[in-house]
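Below is one structure, written out as structure tokens; comments come after it.
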Amino acid sequence: MAGDWVVWQGRGMVETTRRVVHTTCNRDCPDACGIVAEVAGERIVRLRGDPAHPVTRGFLCYRTQLFLERQYAPGRLTEPLIRRGDRLEPATLDEALDLCARELVRIRAESGPAAILHYRSGGSLGLLKGAVDLFFEHFGPVTTKRGDICSGAGDAAQLADFGESDSNDLEDLLAARAVILWGKNPHTSSPHLVPLLLELRRRGARLALVDPVRHRAADLCELVVQPRPGGDFALALAVSRILLERGWIAPDAASFCENFNAWVALVRSRSLAEMALAADVPLATIEALAELYGTSPPANIQVGWGMQRRRNGAAIVRALDALGTVSGNVGVSGGGVSYYYKRRGAFDTSAFCAARPAPRTIPEPLLGRGILAANDPPIRAVWITAGNPVVMLPESETTARALASREFVVVVDSFLTDTAKLANVVLPTTTLLEDDDLVGAYGHHYLGAVVPVAPPPGAARTDLEIVQELAARVGLGPTLSGAAAAWKQRLLGEIPLTALTGRALRNPVAPRVVFADRRFATPSGRARLITEWPAPAADRPAGSLLLQALSTPASQSSQWSPREPDETLEAVVHPDAAGGIPDGARARLRNRFGSLEVRLRHEVSARRDTVTVPKGGSLGLGRCANALTGGVLTDLGEGAALYEEPVFLEPSVDT
Ligand SMILES: Nc1nc2c(c(=O)[nH]1)N[C@H]1C(S)=C(S)[C@@H](COP(=O)(O)OP(=O)(O)OC[C@H]3O[C@@H](n4cnc5c(=O)[nH]c(N)nc54)[C@H](O)[C@@H]3O)O[C@H]1N2
Ligand SMILES: Nc1nc2c(c(=O)[nH]1)N[C@H]1C(S)=C(S)[C@@H](COP(=O)(O)OP(=O)(O)OC[C@H]3O[C@@H](n4cnc5c(=O)[nH]c(N)nc54)[C@H](O)[C@@H]3O)O[C@H]1N2
Ligand code: SF4
Ligand SMILES: [Mo]
């Protein structure tokens, strides 16, 4: 919605005409906020959270609040770049697109479409990004990724247990009498959950945090549990066992669960003392957690995404699903094991769904190695949409080497990232304030329109426009044709696009209570309970710490606002784990991949087995944790065990 007004100054002088544009944040974030942008002429001058949006409630997170500095940063790409030797040189859009079309057609003709890889990540969650998939399906189909670096293990877990992954309405959380934030950092990663937690506290609900890191949410909670990283499986089973022994489970649980007896056997397969040891949590604390969860129904588990980025990540989420289900807390108002909201659920995405499957797929967490290993045919060209894999995927050096050794790499981005620097062609694209798209949320049930607030600079185009231009050049014009508005309407089906003008719309098909009456989306209609203990965690070499690169308020993955600091990466350790290196001193993290210079911060609340750094730091600036992170798959879903890399802390050479 755009409204004009005039700013009057002094004695009635018109200073400038300002417009207000309502749009929606398209970032990979659960909150999908409504944004109110103020525009003077063509320049966006202010961003606010939409006060009328039921979840945004008038505020934006730190990183988007400061997004205008990124939007107008000097490093913003406004023209295509083409590699000539070891330099990327400016080119016109026609030149760059002609080259892309020519090279893709040539490589397809010589080696077949499988020699081309399309990699799309979550730089934007706009639904229309699916048009790029559609292009490559029709042009090929080409090689794509499989699995999911972000949420693969948890997705697979909930699919296995419940048949799908969805949640009760976010507002329904207020009906909970107990909430466990299990591996979730709302202040940083989903800030619009915080007002609900405050309201729950005001209403006397009981709150607990389970996280190896004691972060700000601890202050809202009566109980804080800091298990061993990945020890959550044992912890969840121990809590389940106490519930079972005290009779705090649904009496009819066997009627809505498959494998009930086998699950009981699993829960009883080890003693509480053994499980407490495996979780590294005192038994009394486990009892307090069980009491909080078991005696205040309805009780809700808010499952974060970090925890399932572990070798046993799916097993952990499955153990939580079982705990919630057996205790009667799933399928009821105020309850739930909430991991995800079906953000695409309202949309008709059939136009973008693969009718012809990819000839070959590479697991996302092993992308670099997969590119290097592929033969028959080898991967010769790579097209990257909304991703910075060199920084965000494990084994940065391998990813970089894999890309640098391809014949033809295209990166579509609005900044010259570590990945874009390796491209043969860089195509400039729109930011979240210039894009024209639709989003659903994975942290609530509201849909929103992404509306161009200002025109893109120079030759920057949306991903849709780019593949339309390309399609015209390779003879696929009609497949992709149509204005963004027409594509948006197609995605919305029966819902008129105007229903999203200036406001968010609740997904009309989302249930208010998911799995109501305990009817699950599995073939039997019953929940499937986990019945096996996962493989034991890998042993941590003596003296090593587990490297965790976690979300920071100042960035969205590798997109920093206002800009990435060029100072040494800060690493947080318990003073006892610092190996005598003082607080504030420089140090090195070293492992099988190499080393990274850090500045240590001692933190007494940290566990003694971890070292925590911000995620998303650039490789070029020596701040990239994935330079030291190995590609290890999770137990299900081909996610990445990102937080399990052992590193050794050493004094810096120059200290
Ligand atoms: N500011 C900011 N916000 C973001 C992002 C960002 O980069 N910056 N990223 C966005 C993205 S891509 C996503 S997927 C989402 C979610 O982004 P994530 O960063 O995955 O968010 P959380 O799940 O809230 O936070 C991870 C939490 O999991 C905890 N954790 C890690 N391992 C374990 C474990 O073994 N057990 C337990 N119990 N806890 C563990 C960490 O200590 C941390 O507090 O948020 C989005 N929001
Ligand atoms: N060690 C470690 N690694 C991690 C994580 C971690 O916690 N620890 N988190 C993981 C998680 S949860 C995720 S989701 C991934 C995120 O990994 P990515 O999705 O690769 O991360 P981003 O930096 O958000 O986005 C990549 C690029 O997309 C660009 N972009 C933004 N909007 C658009 C657009 O509309 N079109 C195009 N073409 N480009 C656009 C941005 O400028 C940015 O350079 O990283 C994973 N990697
Ligand atoms: S990144 Fe998340 S919290 Fe921040 S404005 Fe966007 S949707 Fe809202
Ligand atoms: Mo993510």
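Both ligands and their constituent atoms are indexed starting at 1 by order of listing.
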Looking at side-chain heavy atoms only, is the closest gap between Val412 and Val132 below 4.5 Å?
no

Which protein residues have a heavy atom closer than 4.0 Å to any atom of ligand 2, listed by chain and number?
Asp28, Arg70, Ser121, Gly122, Gly123, Ser124, Lys129, Ile149, Cys150, Arg309, Ala386, Gly387, Asn388, Met392, Val412, Asp413, Ser414, Thr417, Thr429, Thr430, Asp435, Asp463, Ala549, Gln556, Ser557, Ser558, Gln559, Lys615, Asn626, Leu642, Tyr643

Are the side chains of Leu220 and Leu198 in touch, meaning some heavy atoms are under 4.5 Å apart?
yes

Between Trp383 and Phe135, is the ring centroid distance below 6.0 Å?
no

I need the minimum non-hydrogen distance between Thr24 and Val450, along with the two atoms involved.
O-CG2, 3.6 Å

Ring centres under 6.0 angstrom apart (Phe352, Trp487):
yes

How close do Cys33 and His192 get, counting heavy atoms only, and between which atoms?
SG-CE1, 3.1 Å

Residue and atom names of protein N/O/S atoms that fall under 2.8 Å from atom 2 (Fe) of ligand 3
Cys29 SG

Does any part of the side chain of Val21, heavy atoms only, come nearer than 4.5 Å to the side chain of Val39, both counted from C-beta?
yes

Considering only heavy atoms from C-beta outward, does the side chain of Leu447 approach that of Phe347 to under 4.5 Å?
yes

With a sphere of 6.0 Å drawn around CZ of Arg216, does it hold more than 12 non-hydrogen atoms of other residues, nucleotides or ligands?
no

